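Since the structure is predicted, the reported quantities are computational estimates derived from the model, not experimental observations. Chain letters run A, B, ... following the sequence lines, proteins first, then strands; residues in each count from 1. These numbers come from the heavy atoms of this one structure, side chains and all, not from hydrogens, waters or symmetry mates.
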Amino acid sequence: MTLTDYATACLLILGGIFFLAGTVGLLRFPDVYTRLHALTKADNVGLGFIMAGLVLQAESWLAAGKLLLIWLLVLFASASVSYLIARRALNKGIRIWM
Amino acid sequence: MSHAFAYALVGAGLFLLGLYALVAYAHLLRKILALNIMGSGVFLVLVALAKRTGDAEPDPVPHAMVITGIVVAVSATALALALMLKVSGKTGQAVLPGRHQD
Amino acid sequence: MDVIVVLEWAFDAVLGLGLLWLAWRTLNSPDLFKAIVLFISFGLLMALAWVRLNAPDIALAEAAIGAGLTGALLLAALARLRTTTDNTMPAQLPAGSWFQRGLLIVLLSGSAAGLGYAVWILPSHTSGLSMAVTANLDVSGARNPVTAVLLNFRGYDTMLEMIVLLLAVLGIWSLGGLPPRPERPAVAVLDTFSRFLIPVFILAAAYLLWVGADAPGGAFQAGSVLGAAGVLLLLSGWRPGVRLMQWPLRLALTIGAITFIILGVLTLLYEQQLLAYPVAQAGRMIILLESLATVSIAVTLAILFLGESPDPEEKK
Amino acid sequence: MEAILANADWGVIVILLPLTGGIVCFLWPAVSKTAGLITVAAVVLAVAGLGRQIMEHGAYRHTVGGWGAPLGIDLFADGLSLFMLIMTALVGLGISCYAKSYFNPRDAVWFWPVWLFLLAALNALFLAADIFNLYVTLELTGLAAVTLTALTGRIDALSSAMRYLLAMLAGSLAYLLGVALLYHDSGSVDIATLAQRIEPNATVWAALGLMSAGLALKTALFPLSFWLPPAHASAPAPVSALLSALVVKASFYILLRLWLELFADFAEGVSTLLGLLGAAAILWGSLQALRQTRIKLLVAYSTVAQIGYLFLVYPLASASSGLAAGIAAYLAFSHALAKSAMFLAAGNLMRFGGHDRIADLDRAVQRLPLTVSAFALAGVSIMGLPPSGGFTGKWLLLDAAMSQGRWDLAAVMIIGGLLAAGYIFKVLGYAFMQAKEPHDARAVPAGMEWAALLLAVGSILLGLMASEIFALIHPDLVANAGGAVERVWTA
């Protein structure tokens with residue numbers, strides 16, 4: 001294993017930890033809003049780490065660019081979708097946990 | 001290569017699970033879900049066993065068949081959902097008349 | 001290396017058991033909305049399974065059609081269902097008596113054993129038709145073997161497939177179309193989101209269509225991505241105009257099938273065989289077929305989601 | 001011109017014609033009735049062309065895409081498939097002539113394209129030599145049939161179409177799982193290639209079980225027939241005729257074909273089971289038919305019983321399978337003619353009285369003589385009386401049963417015939433009587449009456465032309481059947 005491989009492994013594991021944290025939050029947090037918060041925040045960072053790890057292994061700039069694009073699309077989608085879910089929850093009258 | 005067999009067994013299990021739910025539950029939406037899961041099971045059997053080619057690329061013919069199958073499944077699901085809505089629109093209930101207990 | 005093998009087995013085991021568990025939860029969770037959400041996650045796990053089985057073409061089709069569009073169809077149907085039915089009926093209502101279900105379980109357990117054994121005794125190594133496909137790939141006009149099978153070796157199946165899609169639309173229209181979905185007020189974020197995403201969808205569809213000849217992708221995947229763009233448009237409140245819903249729509253729905261039939265007749269006249277493309281033209285013919293099939297598939301999928309009849313008199 | 005007719009590839013044309021016709025009807029709804037009728041008539045001519053080629057040059061084979069099985073898909077037609085194609089074309093033409101006057105403009109716009117796609121699917125199915133291609137054609141057939149069933153939009157039609165669709169899809173998936181197992185066992189989906197490679201082992205047995213169960217469900221073999229009576233009874237009359245006459249025969253044909261080519265040699269136990277279920281279907285279906293108070297349900301239950309006869313072929317087939325398949329195809333044809341005539345006649349009676357209650361037929365004989373004659377003539381074939389096609393087919397079956405010492409099956413056939421006489425005379429009897437509350441007769445278009453009558457006459461003619469027809473299906477049948485038929489006619 002080269003140094004790059006070690007770096008990739010570290011980044012992937014770090015990303016995995018963030019995903020794990022996000023999932024634990026999804027399962028344990030008390031209401032829809034806090035769960036959304038856990039899910040989007042932790043998972044977006046986690047995905048960022050995983051993408052960074054994979055970029056190190058990419059064979060070309062094009063492949064690295066594609067990975068970056070995937071990350072951006074996911075960021076964009078999860079931001080919009082979590083807004084929509086939260087809005088719907090508010091409209092349905094779900095109270096915010098205090 | 002035994003991965004292939006493991007997935008094929010999961011496929012067979014999905015088929016039978018779906019078949020059970022298709023017969024055992026009365027709600028039409030659940031029956032439609034059951035058919036979709038049965039379909040996924042069949043597709044999994046088709047594709048998993050196509051991987052028994054050693055290190056070579058898997059057999060592409062079942063792959064093409066499954067893509068065909070997925071399209072059939074979505075067409076049939078759309079028609080079934082439309083029929084379900086029509087039935088429930090007329091009777092107020094999404095079940096088939098006569099063949100379930102109250 | 002051993003660690004990798006163990007990890008792979010662990011991954012496959014978790015995935016396989018996860019599939020069975022999700023299927024079971026989908027089929028008996030009391031809340032139908034939850035059941036559909038579980039079904040969509042089941043579809044995503046299926047896409048992972050396809051990747052594990054070296055079937056990227058199916059993974060794409062499954063993620064787009066199996067989980068995505070089917071999920072959207074199911075959710076839209078549930079929303080409509082809740083406006084037409086009383087929701088007092090338990091969603092888990094069993095059919096038949098306890099005795100009948102017990103009998104069914106015994107029967108199915110027996111079948112499970114038999115089916116499992118039937119799968120287990122298959123030879124552990126066989127190539128099926130992959131040798132024949134590889135041998136003829138050069139003259140098929142496509143370098144992606146799955147595309148070669150779908151559009152050349154078994155192109156006749158795909159021709160009939162276009163009619164299956166058309167029949168689903170005909171079926172829904174002949175029922176008088178679906179009741180309109182309960183409308184939601186427009187949301188600015190969704191609008192922006194769609195406005196940004198739809199060009200990306202179109203780009204992705206064009207890419208999938210183009211690489212389909214050489215790499216995973218093709219008409220069905222491109223069509224379903226484009227169809228998803230249509231669904232997104234419909235969700236953000238866009239409706240095709242009345243004029244667009246008449247013959248232009250009908251032409252778009254049938255153009256894939258029409259191309260197949262025209263090419264079929266031409267090949268029958270000049271090559272004496274249905275859909276036998278001359279080797280020099282095969283690549284071009286496949287691209288032509290795929291592009292027009294993509295249009296039909298995309299429009300069909302979006303129309304299946306919209307569900308309204310084009311006939312203004314039908315809207316009661 | 002002559003050369004073109006002789007060399008044209010009629011098998012492919014038989015599939016492409018209705019596909020094109022269906023698309024034309026979809027694109028130009030205004031011309032759908034005309035385009036539909038022209039297409040169906042053209043299909044009859046194309047089938048005739050194919051028939052001539054097969055008579056002159058033997059079995060038809062077309063390698064789609066030029067690849068050839070097992071890589072590509074082959075189309076194949078021998079006497080048996082040709083016979084089914086002729087059945088579809090002729091009965092389809094009769095029903096189309098009826099449908100021309102039957103449907104209101106709103107329903108006609110949907111009926112014609114879907115029916116043409118159904119016709120294309122059936123033709124493709126009878127020409128398929130590839131078990132996966134058969135799955136696609138089965139799904140096409142099923143979706144088209146369900147759409148047609150639901151056409152009226154009434155609640156009974158909708159819920160029976162829903163049940164029908166669920167049963168169809170479950171049947172197709174069971175069949176497809178069987179296909180998957182067979183492909184992975186033998187590396188091919190081409191029937192001829194499979195026939196060479198197949199060896200009885202647990203995988204093949206599982207495939208056999210799954211495919212047979214799926215197809216039996218689609219053919220409505222008792223006790224998997226629960227979906228058939230409501231669907232066939234609640235559909236519009238021409239659709240009921242199509243479903244009973246043609247659609248159930250499609251899955252039966254696949255089962256027969258698979259059996260003949262793949263499984264006959266080693267699956268005797270299963271054929272016994274299929275025969276027993278067939279016998280049960282005859283008794284149960286006939287008894288249910290006898291109990292009905294509405295004509296369409298009566299005719300639908302009669303279909304359940306008549307399907308039972310088709311399955312009696314299996315236990316009798318082991319000795320001479322080709323022969324038995326010929327008998328089954330012949331019976332299927334005669335049932336198709338008779339049953340379509342019956343459903344169309346029932347549609348006329350409904351149009352005439354506005355209902356289909358048997359007890360209130362109210363002197364239909366005097367007021368609607370052609371229709372009642374059609375019902376009676378078709379009844380002759382269903383009961384199995386000479387000189388109808390039903391008689392010849394059932395006689396051959398009875399002959400085979402007795403020569404193999406299967407007195408049990410012979411007894412079931414005879415009881416089934418008596419019960420059939422019971423339910424048919426029940427309808428005819430009320431047709432002579434005056435109802436308690438007489439009602440006015442509403443006009444029935446002449447074309448609808450004649451279509452029913454011609455199909456019924458066809459079911460009688462089939463019996464008179466038995467030996468010519470057997471020559472078409474199976475050479476041995478002429479020898480065996482000719483003797484049997486003559487024995488009866490001289491007696």
Side-chain angles (χ1 to χ4, degrees), chain B residues 4-5 8 11-12 14-16 18-19 22-23 28 31-32 34-52 59 61-62 64-66 68-69 71-73 75-99, chain D residues 70-73 130-133 135-140 142-147 149-150 152-185 187-190 203 206-207 210 213-214 217 226-227 230:
Chain B
F5 282 93
L14 290 176
F15 177 82
L16 292 169
L19 186 54
L22 176 69
V23 181
L28 289 173
K31 282 182 189 281
I32 294 170
L35 278 168
N36 271 295
I37 285 185
M38 280 172 77
S40 296
V42 178
F43 301 155
L44 203 52
V45 172
L46 256 173
V47 171
L49 294 173
K51 206 173 173 259
R52 298 171 301 152
D59 182 359
V61 174
M65 289 174 179
V66 167
T68 307
V71 176
V72 171
S75 311
T77 303
L79 184 59
L81 288 172
L83 267 175
M84 174 191 80
L85 289 171
K86 287 286 164 185
V87 169
S88 69
K90 297 245 172 171
T91 62
Q93 283 199 324
V95 291
L96 290 174
R99 282 181 54 83
Chain D
L71 177 62
I73 300 172
D130 175 299
I131 53 177
F132 184 77
N133 185 240
Y135 163 75
V136 180
T137 58
L138 263 178
E139 288 287 25
L140 260 180
L143 290 185
V146 168
T147 302
T149 307
T152 59
R154 286 203 318 267
I155 173 60
D156 54 337
L158 288 171
S159 53
S160 49
M162 183 80 230
R163 180 172 299 150
Y164 186 20
L165 178 60
L166 294 173
M168 285 305 97
L169 294 175
S172 309
L173 285 173
Y175 173 82
L176 184 62
L177 186 54
V179 171
L181 292 179
L182 270 191
Y183 176 78
H184 287 301
D185 181 72
S188 175
V189 279
D190 174 61
T203 315
L210 285 163
L217 175 61
F226 56 89
W227 57 267

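With chain B as the partner, the residue from D:Leu140, D:Leu71, D:Ile155 showing the most heavy-atom pairs under 4.5 Å is D:Ile155. Between chain D and the options B:Gly39, B:Ala8, B:Ala82, B:Pro62, heavy-atom pairs under 4.5 Å are most frequent for B:Pro62. Of the listed residues (B:Leu79, B:Thr91, B:Ile32), the one with the most heavy-atom contacts under 4.5 Å to chain D is B:Leu79.
Side chain of B:Lys90 to main chain of D:Gly153: a donor-acceptor pair is present (N/O by atom type, distance under 3.5 Å, no hydrogens or angles).
The parts of D:Leu177 that come within reach of chain B are both its backbone and its side chain, each placing non-hydrogen atoms under 4.5 angstrom from that chain. Contacts of D:Val179 with chain B are absent, with no heavy-atom separation under 4.5 Å from either backbone or side chain. For D:Leu182, no part lies under 4.5 angstrom from a heavy atom of chain B. Proximity to chain D is limited to the side chain of B:Val72, based on heavy atoms less than 4.5 angstrom apart. If you measure heavy-atom distances from B:Ala34 to chain D, you find no contacts under 4.5 Å at all. Residue D:Ala170 touches chain B through both its backbone and its side chain, counting heavy-atom pairs closer than 4.5 Å.
Take D:Asp190 and apply the salt bridge (Lys or Arg N to Asp or Glu O under 4.0 Å) test, not counting sequence neighbours, and it matches no residue. Legend: residues meeting ring-ring contact (aromatic ring centres under 6.0 Å, His included) with D:Tyr183, ordered by chain and number and at least two apart, are absent.
B:Leu46 and D:His184 make their closest contact through O-NE2, 2.6 Å (heavy atoms, listed as atom of the first residue, atom of the second, distance). Of all heavy-atom pairs between B:Leu83 and D:Ala150, the closest is CD2-CB, 4.1 Å. In terms of heavy atoms, B:Ala76 sits closest to D:Leu165 at O-CD2, 4.3 Å.
Taking the side chain as every heavy atom from C-beta outward, B:Leu19 and D:Leu173 never approach each other to under 4.5 Å. Residues B:Thr68 and D:Phe132 form a side-chain contact, since some pair of their non-hydrogen atoms from C-beta on lies under 4.5 Å apart.
One distance of note links CG of D:Asp185 with CG of B:Leu49; it measures 10.5 Å at 0.5 Å rounding. A distance of 6.5 Å separates CG of D:Leu166 from CG of B:Leu96, quoted to the nearest 0.5 Å.
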